[in-house]
Amino acid sequence: MIYKYDDGNQIHKWYGVVTLSADGEFKIRANDDWTFNLGGAIAADGVEVTLDDSDGANFATPGAGSYYIVVSTADEGATWQATMTAS
């Protein structure tokens, strides 16, 4: 994912496109390690959701295709949000 800091709003954001299979699950993790990972529920509808940073549930794959995902935190990692849209 590509990182960008929104200095005006003090929000850390990561952007990326992932290609998923029709069936399965996925998670978002940091630094090629499972020590820190984000889970929860997210749909491919562009609606922002709050993620679980305490080893939350895997995300269900919304179907085969490529998806644009944005992950953000406005409070230095105390809470995490994400959106996902079909690309």
Side-chain angles (χ1 to χ4, degrees):
M1 297 185 92
I2 297 170
Y3 170 76
K4 182 176 181 187
Y5 181 66
D6 180 349
D7 194 34
N9 295 311
Q10 297 182 335
I11 299 173
H12 300 271
K13 291 186 177 185
W14 291 261
Y15 304 85
V17 175
V18 297
T19 301
L20 302 171
S21 63
D23 298 316
E25 300 175 329
F26 69 101
K27 279 192 124 167
I28 298 169
R29 63 187 181 140
N31 303 321
D32 277 336
D33 190 6
W34 289 105
T35 303
F36 177 80
N37 62 83
L38 299 169
I42 189 169
D45 58 6
V47 174
E48 186 174 80
V49 297
T50 298
L51 304 178
D52 184 353
D53 66 351
S54 59
D55 202 24
N58 293 348
F59 300 111
T61 300
S66 294
Y67 297 90
Y68 180 65
I69 298 176
V70 178
V71 177
S72 63
T73 181
D75 53 15
E76 299 299 323
T79 59
W80 293 88
Q81 293 72 39
T83 60
M84 180 168 60
T85 54
S87 62

> Same hydrophobic cluster for Leu51 and Met1, using side-chain heavy-atom links shorter than 4.5 Å among ILVMFWY?
Replying inline: yes
> Should Lys27 and Asp55 be marked as a salt bridge (charged side-chain N to carboxylate O under 4.0 Å, His left out) after you check the CA-CA gap, both sets of side-chain angles, and the distance that decides it?
Replying inline: CA-CA 9 Å; Lys27 279 192 124 167; Asp55 202 24; 3.1 Å; yes
>> How long is the straight-line distance from OG1 of Thr83 back to OH of Tyr15, given to the nearest 0.5 Å?
In response: 9.0 Å
> Between Val49 and Ile28, is there a shared hydrophobic cluster once you connect ILVMFWY residues whose side-chain heavy atoms come closer than 4.5 Å?
Replying inline: yes
> What is the distance from atom CG of Leu38 to atom CH2 of Trp80, rounded to the nearest 0.5 Å?
Replying inline: 6.0 Å
>> Less than 3.5 Å apart, any donor N or O on the side chain of Asp23 or Ser21 sitting next to an acceptor on the other?
In response: no
> Counting only N and O atoms by type, is there a donor-acceptor contact under 3.5 Å from the side chain of Asn31 to the main-chain atoms of Asp33?
Replying inline: no
>> Count I, L, V, M, F, W, Y as connected when their side-chain heavy atoms are under 4.5 Å apart, and connections chain through other members. Are Phe36 and Ile69 then in the same cluster?
In response: yes
> Do the side chains of Thr61 and Tyr67 get nearer than 4.5 Å, heavy atoms only?
Replying inline: no
> Do any N or O atoms from the side chain of Ser87 and from the backbone of Ser66 form a donor-acceptor pair under 3.5 angstrom?
Replying inline: yes
>> Is there a continuous path of hydrophobic side-chain contacts, each under 4.5 Å between heavy atoms, that joins Ile42 to Val70?
In response: no
> What orientation do His12 and Tyr5 show, parallel under 30°, tilted 30 to 60°, or perpendicular over 60°?
Replying inline: tilted
> Any sub-3.5 Å donor-acceptor pair from Thr19's side-chain atoms to Gly65's backbone N or O?
Replying inline: no
> Would a hydrophobic clustering, with Ile, Leu, Val, Met, Phe, Trp and Tyr connected at side-chain separations under 4.5 Å, put Trp34 with Val18?
Replying inline: no
>> Once rounded to the nearest 0.5 Å, what's the spacing between atom OG1 of Thr35 and atom CZ of Arg29?
In response: 10.0 Å
